[in-house]
Every structure is written in structure tokens, then in C-alpha cells.
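Okay, so here's the structure we're looking at.
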2 protein chains.
Amino acid sequence: MASSIHDLARHLNISIGTVSRALNGRADVNADTRQRVLDAAKQLNYSPNQSGRSLRQGATHSIAFMLQPHPGDQQYGEPFFIPFLIGLQGRLAESGLDLIVVMGAPGDYQQERLRRVVETRRADAVVLAWTRREDERIDYLLEAGFPFATIGRSRSGGKAYSSLDLDFERAGADAVDRLVARGHRRIAAIRPALNLNFGYLFLDGYRKALKRHGIEVDPALIADGFINEAGGYQVTPRVMLAKDRPTAIIFNNDVMALGGCKALAEMGIRPGHDIAVTVIVDTPLCRYFSPALTAFRPALEPMGQRLAEMLLASIPAFAGPEGPRIIREVWPLELVARDSD
Amino acid sequence: MASSIHDLARHLNISIGTVSRALNGRADVNADTRQRVLDAAKQLNYSPNQSGRSLRQGATHSIAFMLQPHPGDQQYGEPFFIPFLIGLQGRLAESGLDLIVVMGAPGDYQQERLRRVVETRRADAVVLAWTRREDERIDYLLEAGFPFATIGRSRSGGKAYSSLDLDFERAGADAVDRLVARGHRRIAAIRPALNLNFGYLFLDGYRKALKRHGIEVDPALIADGFINEAGGYQVTPRVMLAKDRPTAIIFNNDVMALGGCKALAEMGIRPGHDIAVTVIVDTPLCRYFSPALTAFRPALEPMGQRLAEMLLASIPAFAGPEGPRIIREVWPLELVARDSD
DNA sequence: TGTGTTCTCGTAAACGTTTACGGAAAAACG
DNA sequence: CGTTTTTCCGTAAACGTTTACGAGAACACA
């Protein structure tokens, strides 16, 4: 059914070497011959066998995305990544690369799965998400010399790898600025407890902005919770019971915010009326929640496309003649003002 | 770095044929030799090169999932599939298969991408979602003789292929039964306009249940809309303006329900008080919307696992000795009663 | 002991590519 | 016309597997 390079060669009465060179656009083939090969390829519906190419070239032409469900969230996964995947896969496809997704069980840190992907060389590069402050996956990949890029950073101890992150520090500061401008001075911050790196960045921005406004940072207004609805539900009352009650809360995760709002509702406190609620990293849940939550939104699909380019640049076989490059970028989040603050 | 079967052979002073047979658990190898090979494999950190295997066996050891974003929904994609993917990938991984995801642009019918996957033989089987009443993708795959399984059915003109679907007909009927039991007799139904097959199944169940209760089916209470928020928003007023106003609406899609609720709110009609709202196919959005929407929930992760098994059964190289089997299953949806009805 | 059977293993071909190498023909040059 | 260069193409090896085939050794049986 599928025609091979041999079929083309036989059909045209030339050697497979010439066919291959013609197909790959090499210089040492007559323009006329090349055209005949291309015509025949179209006519015979030829498309190259990936296994053959991979075997010969030592490249798989695919990228592995290590997708990790929200730890603790059994019911539903992470809608965040879908538009990101769309951008990523689309751009990769343009360069003839496949996207293979590898998932871990929720909460699993997938070191093992990662090791398997690397050792069996099933992909030419991998994508890591949910980067932590100290991330052993990154150390492993660096040591193995395996190409990769992360969405999110880890604490960079001078380690060089490609990463694309959101500016959580800036978003945290912007959120504070906005709330202060609206008259708030007691502003709480709730972030995920695992040492996910973005939680630290967020808190840095939050603290700096408060200081800039001459507001003292009150540890009683800062809390860490498990990164799911229960976590937000559990930890929100803690900051609300501070001596001097906060008039605003910034949640560093959408689902935690929803849990927090549930707790607030049970305390008879209405977001948008009795308290201002801001979420960092917008998702559809923020939009449809009632009241609709003011949130900071990332440009997910463009980020996916950009990450694809970073990956391509990191793979020797696909990077330009100057060899693999390391690219680090931090993208802004855009405020989407809604009804909760 | 990566050791090959030749390294093992050299290390043990035996032939590569024997090594391969030992690794693959064939009978014609001495038990002692096999053990030595396995030990050496572990010691030398051997893992087979997938390209080599694929080339030789003519199988890629991967499954392609044709993931299609919600048509028209630019902002966010389809959270529905994530838990499904988790189940699917997990089960596939157990059998040594990779999951590669292929996306189309929103609204794109991805016939072209599908053709490319099939012709380049990048996967051993594909998964189709969002099946339509008449689905040319299915016809194409059947004609090409390419293994596949669908999530959802199409109108089965006696065509034989593996499919795993939800019992939308039953859910539609159950929704009506529940509403009738709560005193409703004017019940509207809103479903997606594209000829997605589940919309027809749903409406069948809806109609049959009404008739069973001796309630006349009023065409003015049935409407099709574009499968996104705008679609629900646009079409809901239409049924609300029927001569005899409905007291309940069943939405056949979560996002359409949200758009519909927005329209209702603007008309001053409160779900859960002034009207009963039921959604078929629960998502996180239903849970967090206010009021929380009563909905019918699928067992997504088990469905993913099951579909993996169906795929394995459909691939000659992986099916048992009796050859590929066709499996068709319809799974129930579970009612999750919340506050909207 | 002779014959047939069973175990175990080595040999080599094959899967579909890419590419280094070399050579024949054509072109350029004096 | 002879020599050098260029253009173009064929040959063959290589990537890492799997597997059909056959052969030698061990064993069973009469």
C-alpha cells in the first residue's frame, strides 16, 4: 500500500540514492531529475517511513510533553494546558514533529516516566511543566544531556536551560497595586503549598508591592494550601480570622480561589461586596464563577507556539548551523477585570 | 550511551539473535542463557530502540488521538478530555504504546491531518472524537483499512468499527423523568447545531420520555445552537418566548448551558428558582457555576482505559491470536443533583 | 548402534531510510 | 585535443531490531 523509496526508484529507473537526494533537496541532483522524482512521489502517493528515517538519523521526530494532572484533583484535570497544547502541537507539526503526551498519576512526580522516555529515546526533547523551586527532573535532564524546555522556571542555580514562564512577580505586584488603588490596605495572599516555583515568584511581587506602598507585610495574611478546592477552602478562614481582617484576597490558583469563595460564602462574606478577590492565572472557571472572578490571564496558545520554537532550537538536529541555543523568556499576564473586586 | 542488542551480545559472547529471542521471551532459548541476558540488560541499562523495532515490525507502537478543540471557542479548550486522556495514556503505556495527540484548528474537521497520520503510518491506530451523524472520517478509515476506535458513534449504516459512547438517549430520558417527577410538563431541550451524533441521541431520549409521560412534544421548545457560550445565549430566549413558557430546560452541552443561564439572568429568570436547568455531560464548569448545575456525569478516566483496550484489540499486531475484534459499548451517565433544578 | 526428535543457538536477510564514496559523463579551459 | 573541473548519479554500508532457516549437540527410542 504505502510506497517506498524503492518503488519510486524502480518506477523512474533510477537509484534509490538519487531519489532520496532529490526528495531531501540536496544540491547534487539534476533539476530535471528532481522534478520527475517529485512528480512520481505525488503520483504514487509516497510519504517517507518515519521509522526508517528515525533509525538512520537517530532522531525520533517527536517531542514528549510530561503532562501532570493537578495533584489531588481526581475528578477533573487541568484545562489550563489544552490551548497551550494546541499552540505547541501546531507549531511542531509545521516542522514535521509529533507531540506525544506522557501523563503521570495525580501527585506523582513522574521522575520514573521521564527516565523511561529519555532512556528509550522515544522523543528528541521533552517539555516539563509545574516546575518546582528545586526540580530534580531538571537536574536529571541536564546531567543526561537531554534536550528540554520548561514551562515555568526553577530556582536557577546558574543552570542553563530553555524556559518559558509567566511573570508571576509582576502579576502579584499588579494585583496589589490595583487593590491599593481601590482603597485596600489589608490584602491577603494564598498560594499553593508544594514548592511550586510560581508561588514564590508571586509572593515576591506581592511583598515588594506592599512595601512600595508603605504597607507592612503581615504574615497572618499569607497562607499556603493544597493546590485544589479543598486546600483553598481550608486555608481561607485562617487569613480571615487575623486580628485585623483583610478586605481583599489574592489567590495564586483558580481552583483554590473557588474553594476559598466557598469558605467565604459560609462565613457570609460576599466576594465583590464584602471582600475583593483576585485570581492569578485565569481559567474558564474564573469567568463562569459567580461572581465572575477578576483574574490575570496568560496568552496560552502563543506560549505553546513559542515553546515549540524553543524546543526546536534546543535539538541539535533541528537547531540552525550555530547549534542548539538556550532561550529564556518571561511573558506578561493580562488583567481581566470582572466582578469580584 | 544507549546500549544496543549488539553490546549485550558482545558482552555475553553470544549472537544477537539469541539476545533478541531471550529478551522477547521466545521458547527456543535456554533458561540459563535467558537469565544471563536479562541480567546483562539490566546491568548495561539496555532498552530497545523503538525505531529499530518499528522498522522491522512495521508497527509504530503509538496511537494517535485526534483532539479537536471546541469549534468556535478560541479562549479555552476542552477540559472534558483531560481525564479521558489520563486513562487512555495510562492503559496504553502498560502495553508499551505511546499516545500522540494531533490537534486541528478549532472548527477544522481535520480530515487532512487524519489523512497524513494514516498515510505516513505514524500511528498504529487512531482515536476519533466528536463523531458526527455522518462522519467522513470514519468512512475514510474504514476504506483505508486503518485500525481505529471512536468515542461516540456515528449513524451506523451497518458499518463495523469499535466505538465507546455515552448513553445520551438514556440520559435525555432520565432528565425528563426527573423533571416530570418534580412537576414539570413544559420542558425545553437545547442541543448543538452541528450534526454531532450525541445531539440526536439526546433528543430521541427526550422525545420518547415525554411521550411516555403523555406529554406532547412541542417543537417550539426544541432549539439548536452553536456549541459555545454565544450559541446558548442566542438560542435560549427563543424557547423562553414560546406561547406557553417552559418551566425547565435541558441543555445538551455545558458551555451552551452557561450561555443560556446568562440569557436567563438578563430576562430576570433565576435557575433553581424560576426555572429548572439540567445539563447533560457534566464538567467542572457545572460544578462551580452559581447556582451549581444539576448534570449527568460520565466516568471519563475508566472510559479512557477501556478505549485503550478496544484499540489494542483492533490492531492486528496486538490483538490476540483470534485477530482484531470489534467492540461497541455504551456507558451510562450518572446524575449529579445540584442546585439548578 | 542407528535413526528420529528435541533443544539451543548462530547466520543472515530484511524493514526504509540517509549518506560517504567513487566514478562516468559532461563541461570548462588552455 | 588534452587536461582539469564540475555535475550528476549509482553503489553500498549503516542505523537496531526481528525472525526464517538451518545446523550441531543432546537425547530418546528401538
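Numbers restart at 1 for each chain; the letters A, B, ... are given by sequence-line order, proteins then strands.
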- With sugar-phosphate meaning primed atoms plus P, OP1 and OP2, does Gly17(B) contact a base, only sugar-phosphate, or nothing at under 4.0 Å between heavy atoms? base

- Note on the structure: Assign each of Gly52(B) and Arg21(B) the nucleotide of DNA chain D bearing its closest heavy atom; nearer the 5' end lies the nucleotide of Gly52(B)

Nearest whole Å is fine: how far is [N] [atom2] from [X] [atom1]?
X	N	atom1	atom2	value
Leu8(A)	dT18(C)	CG	C1'	15 Å
Leu12(B)	dT8(C)	CG	C1'	16 Å
Gln35(A)	dC8(D)	CD	C1'	17 Å
Ile16(A)	dT11(D)	CD1	P	10 Å
Asn49(B)	dT17(C)	CG	C1'	14 Å
Arg26(B)	dT17(D)	CZ	P	16 Å
Gln50(B)	dC15(D)	CD	C1'	15 Å
Ile14(A)	dC9(D)	CD1	P	7 Å

- The residue, Val29(B) or Asn24(A), whose nearest nucleotide of DNA chain C is more 5′ is Val29(B)

- Message: If you assign each of Asn13(B) and Gln57(B) to its closest nucleotide in DNA chain C, which residue comes earlier from the 5' end?
- Response: Asn13(B)

Reckon [X] has a side-chain N or O less than 4.0 Å from the OP1 or OP2 of [N]?
X	N	answer
Thr33(A)	dC9(D)	yes
Arg53(B)	dG16(D)	no
Arg56(B)	dT19(D)	no
Ser15(A)	dC9(D)	no
Ser20(B)	dT18(D)	yes

- Note on the structure: Of Thr18(B), Asp39(B), Val37(B), the one forming a side chain to side chain contact (heavy atoms under 4.5 Å, CB included) with Leu12(B) is Val37(B)

- Closest approach of Ile5(B) to Tyr46(B) (non-hydrogen atoms, all atoms of both residues): N-CE1, 3.6 Å

- Query: Which of these nucleotides, dG10(C), dT17(D), dT8(C), is closest to any side-chain atom of Asn30(B)?
  - Reply: dT8(C)

- Honestly, is Arg153(A) close enough over Tyr161(A), meaning NZ or CZ under 6.0 Å from the six-membered ring centre and within 45° of the axis? no

- Is the closest side-chain heavy-atom distance between Lys159(B) and Leu142(B) below 4.5 Å? yes

- Query: Would the number of heavy atoms belonging to other residues, nucleotides or ligands and lying under 6.0 Å from CZ of Arg116(B) be above 12?
  - Reply: no

